[in-house]
Amino acid sequence: MKLYNTLTQKKEEFKPLKENQVKMYVCGPTVYDHAHLGHARSAITFDVLYRFLEFLGYKVTYVRNYTDIDDKIIKKAKEEGISYKEVAEKYIKSYEEDMKALNVKKPTYTPKVTDHIKDIIDFVKALIEKGYAYEVDGDVYFRVSKFKDYGKLSKRSLEDMLKGARVEINEKKENPLDFALWKKDKGFFPSPWGEGRPGWHIECSTLVRKYLGDTIDIHGGGLDLIFPHHENEIAQSEALTGKPFVLYWVHNGFVMVNKEKMSKSLKNFWTIKDALKEYEGNVLRYFLISVHYRTPIDFSKENLNQAKQAFKKIKNVYLDKAFEFLPLTKKEIKNNFEYIDYKKEFIEALKDDLNTPKALSVIFKVVDKLNEIISFGISKRKRNEYLTNIYEKYKKDLKLFLEILGFNLKELEKLPSHIEKEIRNFANLLGLEDKEDISMVLEEILNYRNRLRKEKKFEEADKIREKLENLGFVIKDFPGKTLYYFKG
RNA sequence: GGCGGCGUAGCCAAGCGGCUAAGGCAGGGGACUGCAAAUCCCUUAUUCGGCGGUUCGAAUCCGCCCGCCGCCUCCA
């Protein structure tokens with residue numbers, strides 16, 4: 001497949017270091033608050049990449065870290081009067097809930113920084129030994145001037161950066177651009193330089209090396225991490241190992257609100273939890289992948305509602321069982337349907353730098369085909385083997401495509417618990433036996449209703465239909481059988 | 001100032017040198033249905049921010065201009 005590489009600023013053919021094996025690292029959240037839609041975009045972008053690479057047959061080792069020690073976490077802990085560990089724990093839990101709701105597949109490893117302090121210290125020690133770092137009064141800094149490739153990812157020279165002014169003046173540093181590897185801080189972790197804690201960038205370099213090795217295939221994150229975070233990671237890692245750190249740098253674009261970046265400081269963010277109150281996880285996923293991952297995406301309720309409507313079309317056909325309920329005939333039914341295999345088109349779209357909008361358009365082609373067949377079958381009031389075969393193939397393709405893009409199919413078919421409760425109450429009211437499986441309960445109701453229809457007690461039967469429709473079900477009667485699905 | 005990105009129908013969004021400019025949302029007309037929902041058929045950009053240039057041929061390449069945004073400080 002092709003991937004855009006920030007380092008070369010080109011779309012490149014993706015060739016991992018080891019054939020059929022991919023090592024991927026993505027910067028996870030700093031856990032000091034609930035994650036917002038920007039975090040969701042990053043998580044979902046790389047989730048789709050992860051799933052797609054696996055689909056292509058690669059064995060992927062995917063690592064996403066939790067930065068659970070940092071200035072902001074400590075600040076938050078002070079504000080709330082709890083320990084930094086409690087803050088981190090709380091928001092890791094929150095993040096994991098969000099990931100679950102968005103159906104983001106668990107990475108192979110999700111290490112926490114505080115579980116790897118020793119590795120970090122070893123890393124820093126080695127950098128000092130090699131002359132790439134120096135200690136001043138309990139702090140350790142990276143000596144930027146010693147690393148000749150500094151700036152190669154963000155495309156800026158040391159002179160440019162200095163001219164950029166806004167560089168913090170720190171008397172301790174040899175060069176204002178040197179960055180902290182270790183920060184002196186009482187009460188944290190013992191080290192050869194006294195008690196302290198890791199600087200911001202060192203944790204990723206350390207964890208990459210520990211879990212994946214000196215050179216990895218893909219390193220991802222939001223565009224805003226290019227500088228300084230990823231630039232500094234390169235400096236640390238390549239200074240230590242002398243080997244290329246990352247083959248493909250992949251960065252996702254921002255979530256925008258009114259043409260401004262969604263961010264904490266602008267206070268224009270929606271947390272994932274806020275969004276989930278109004279939109280199901282599948283809809284948020286649809287919204288976020290309906291734009292190519294490198295293009296900025298505009299967040300607004302209007303756009304989210306469009307995504308909701310669009311996704312509903314997919315959902316409807318996915319759940320529609322009308323065709324399967326049509327009576328099967330051996331006779332030929334004159335038609336000009338033929339199966340078109342869209343798999344290649346779908347896969348090619350994703351192979352082209354993860355073109356998810358294009359992939360979605362292929363899904364709609366399959367959706368249309370299915371709807372055409374269903375509609376045709378209903379108009380003839382029957383189906384045959386030929387049509388059923390095509391129908392089933394399309395249905396299978398649809399399922400496959402939705403799975404690759406990470407949609408939660410189980411969630412699609414699941415009934416909201418309050419609806420389930422109402423159904424049970426209703427069955428009870430009709431004097432029907434309660435069953436554990438809710439679909440069995442529904443069958444009971446519909447069987448009961450069909451007996452009424454047989455006895456020509458239409459008025460009562462219609463009342464039952466009305467009740468189910470009010471609960472959000474689509475009810476369609478066919479000779480001897482009744483079709484239902486929950487549309488919400 | 002340095003580096004990077006964006007501008008395609010009412011809205012969202014693919015396309016990145018050549019078949020009739022994908023797809024979705026919204027809208028209009030028709031069909032099906034007792035009604036509704038879902039769905040089907042038809043319909044919605046001679047044109048891709050502007051102006052030049054390269055080319056047999058450009059939304060796609062080059063130049064200039066206009067507008068918007070991001071990074072350069074913590075940030076997905």
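Sequence lines set the chain letters: A, B, ... in the order given, protein chains first and strands last, and positions in each chain run from 1.
When the C1' atom is compared between rG2(B) and rC16(B), the two are found 27 Å apart, to the nearest whole Å. Rounded to whole Å, the separation between the P atoms of rA58(B) and rC71(B) comes to 38 Å. Taking the P atoms as reference points, rC61(B) lies 10 Å from rC6(B), given to the whole Å. Rounded to whole Å, the P atom of rA76(B) lies 43 Å from the corresponding atom of rC19(B). Atom name C1', nucleotides rU55(B) and rU60(B): the rounded distance is 13 Å, in whole Å. Comparing rU20(B) with rG15(B), their C1' atoms sit 15 Å apart, to the nearest whole Å. Rounded to whole Å, the C1' atom of rU43(B) lies 47 Å from the corresponding atom of rC3(B). Between the P atoms of rC41(B) and rG23(B), the separation comes to 12 Å (whole Å).
Using N1 to N3 plus N6-O4 or O6-N4 for Watson-Crick, or N1-O2 and O6-N3 for G-U wobble, each under 3.5 Å, rC3(B) pairs with rG70(B). Using Watson-Crick or G-U wobble geometry with both donor-acceptor distances under 3.5 Å, rC35(B) finds no partner in any strand shown. Using Watson-Crick or G-U wobble geometry with both donor-acceptor distances under 3.5 Å, rG18(B) finds its partner in rC56(B). Pair assignment for rC48(B): none, as no Watson-Crick or G-U wobble contacts are both less than 3.5 Å. For rG27(B), the paired base is rU43(B) (Watson-Crick or G-U wobble, both distances below 3.5 Å).
Among the heavy atoms of the strands lying under 4.0 Å from Gly222(A) are primed sugar atoms or P, OP1, OP2 only; no base atom is included. Residue contacts for Asp298(A): at a heavy-atom cut-off of 4.0 Å it reaches no nucleic acid atom on any strand shown. Nucleic acid contact for Leu225(A): sugar-phosphate only, since backbone atoms but no base atoms lie under 4.0 Å from a heavy atom of the residue.
One can place CG of Leu266(A) at 12 Å from C1' of rG70(B), the figure rounded to the nearest angstrom. Note: OH (Tyr25(A)) to C1' (rA76(B)) measures 13 Å, nearest angstrom. Rounded to an integer number of Å, the gap from CD1 of Ile314(A) to C1' of rA38(B) is 15 Å. Regarding Ile289(A), its CD1 atom lies at a distance of 19 Å from the P atom of rC12(B), rounded to whole Å. Per the geometry, CD belonging to Glu260(A) stands 18 Å off P belonging to rG67(B), to the nearest Å. A straight line from CG of Asp33(A) to P of rA76(B) spans 11 Å, rounded to a whole angstrom. Rounded to whole Å, atom C1' of rC40(B) lies 15 Å from atom CG of Leu326(A). Going from atom NZ of Lys261(A) over to atom P of rC71(B) covers 4 Å, rounded to whole Å.
Every residue was checked against the ring-ring contact (aromatic ring centres under 6.0 Å, His included) condition with Phe426(A), not counting sequence neighbours, and none meets it. Listed by chain and residue number, Asp149(A), Glu238(A) satisfy the salt bridge (charged side-chain N to carboxylate O under 4.0 Å, His left out) test with Lys152(A) (two or more places apart in sequence, or in another chain). Qualifying salt bridge (charged side-chain N to carboxylate O under 4.0 Å, His left out) partners for Lys264(A), counting only residues two or more places apart in sequence or in other chains: Asp33(A). Residues that satisfy the side chain to side chain contact (heavy atoms under 4.5 Å, CB included) test with Leu247(A), not counting sequence neighbours, are Leu17(A), Thr215(A), Asp217(A). Partners of Lys72(A) by side chain to side chain contact (heavy atoms under 4.5 Å, CB included), not counting sequence neighbours, listed by chain and number: Tyr32(A), Asp70(A).
Near RNA chain B, meaning a heavy atom under 4.0 Å away, the residues from residues 245-256 of chain A are Asn252(A), Gly253(A), Phe254(A), Val255(A), Met256(A).
Looking only at distances, a side-chain donor or acceptor of Asn305(A) sits under 3.5 Å from a matching main-chain atom of Lys301(A). Counting only distance, with no hydrogens or angles, the side chain of Thr271(A) and the backbone of Asp274(A) share a donor-acceptor pair below 3.5 Å.
Centroid-to-centroid, the aromatic rings of Phe407(A) and Phe311(A) come within less than 6.0 Å. Ring centroids of Tyr62(A) and Phe46(A) are separated by 6.0 Å or more, keeping the two rings apart. Ring centroid separation for the pair Tyr248(A) and His219(A) does not come in under the 6.0 Å cut-off.
Between the side chains of Asn450(A) and Arg453(A), a donor-acceptor pair is found at a separation under 3.5 Å. If you check the side chains of Asp68(A) and Tyr84(A), you find no donor sitting under 3.5 Å from an acceptor.
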- Task: Classify every nucleotide of nucleotides 17-27 of chain B by which part a protein heavy atom approaches to under 4.0 Å, writing B for the base, S for the sugar-phosphate alone and - for neither, in 5'-to-3' order.
- Result: -----BSBBS-

Pick out the pairs of N or O atoms, protein on one side and nucleotides 3-8 of chain B on the other, that lie under 3.5 Å.
none

For nucleotides 41-43 of chain B, give me every protein contact, N/O to N/O, under 3.5 Å, one pair per line with atom names.
none

Shorter than 3.5 Å, N or O on both sides, protein versus nucleotides 31-35 of chain B: list them out with atom names.
residue, atom, partner, partner atom, Å
rG34(B), O6, Arg465(A), NH2, 2.7

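Counting only residues at least two apart or on different chains, the salt bridge (Lys or Arg N to Asp or Glu O under 4.0 Å) pairs with a member in residues 246-263 of chain A are Asp224(A)-Lys261(A). Residue pairs meeting the ring-ring contact (aromatic ring centres under 6.0 Å, His included) criterion with at least one member in residues 340-373 of chain A, sequence neighbours excluded: Phe346(A)-Phe401(A).
The aromatic rings of Tyr339(A) and Tyr394(A) sit tilted relative to each other, their planes meeting at an angle between 30° and 60°. By the 30° and 60° cut-offs, the orientation of the rings of His251(A) relative to Trp249(A) is parallel. Aromatic ring orientation, Tyr150(A) versus Phe227(A): perpendicular (interplanar angle above 60°, classes split at 30° and 60°). The aromatic rings of Phe287(A) and Phe299(A) sit perpendicular to each other, their planes meeting at more than 60°, with 30° as the lower class boundary.
Residue Asn371(A) places at least one side-chain N or O under 4.0 Å from the OP1 or OP2 atom of rC40(B).
Nearest heavy-atom pair, Leu326(A) versus Ile378(A), reported as atom, atom and distance to 0.1 Å: CD1-N, 3.8 Å.
Of the two residues near RNA chain B, Asn303(A) and Val317(A), the one whose nearest nucleotide lies more 5' is Asn303(A). Each of Phe227(A) and Lys264(A) has a nearest nucleotide on RNA chain B; the 5'-most of these lies closest to Phe227(A).
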